[in-house]
Amino acid sequence: MNKQRRNKISDLRDQLDKMLDEITELADEEQESFDNMPEGLQQSERGEASEQAAEALQDAVSSITDAIERLDEAGE
């Protein structure tokens, strides 16, 4: 791989790192919001939506982490 493509991979990785930080923060906030709900509210439609959102954000974190690892492999 040439230097130009390695630099592009590095730039993409930096962008993903920034997105990962932001999504991780959102996931943590959503999970904290759900955890701080009274039990009755957790079991409501609103609570279930909050829990699903937190899980989806955690899935996104995992996917971005995987993408970063793949970019690291490609850039070696």
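Just so we're clear, the structure is a prediction, and the values are computed from it rather than from any experiment.
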Donor-acceptor check, side chain of [X] to backbone of [Y], threshold 3.5 angstrom: yes or no?
X	Y	value
T65	V61	yes
S50	G47	no
Q42	F34	yes

Legend entry - Heavy atoms of other groups near E73 CD, more than 12 under 6.0 Å: yes
Legend entry - R46 atom CZ: more than 12 heavy-atom contacts under 6.0 Å: no
What heavy-atom pair brings [X] and [Y] nearest, and what distance separates the two atoms?
X	Y	result
E48	Q43	OE2-O, 3.4 Å
R6	E76	NH2-O, 3.6 Å
A27	L57	CB-CB, 3.6 Å

Legend entry - From CA spacing to verdict: side chain to side chain contact (heavy atoms under 4.5 Å, CB included), E22, D17: CA-CA 9 Å; E22 291 180 29; D17 276 332; over 6 Å; no
What distance separates [X] [atom1] from [Y] [atom2], expressed to the nearest 0.5 Å?
X	Y	atom1	atom2	result
T24	E29	OG1	CD	11.0 Å
M37	E32	CE	CD	11.5 Å
S62	L20	OG	CG	9.5 Å
D21	L16	CG	CG	11.0 Å
I68	L12	CD1	CG	11.0 Å
K3	K8	NZ	NZ	14.5 Å

Legend entry - Hydrophobic cluster membership, L71 vs I23, 4.5 Å side-chain cutoff: yes
Legend entry - Any I64 side-chain heavy atom under 4.5 Å of E69 side chain: no
Inset, instruction - Decide whether Q15 and D11 meet the rule of one side-chain donor and one side-chain acceptor closer than 3.5 Å. - result: no
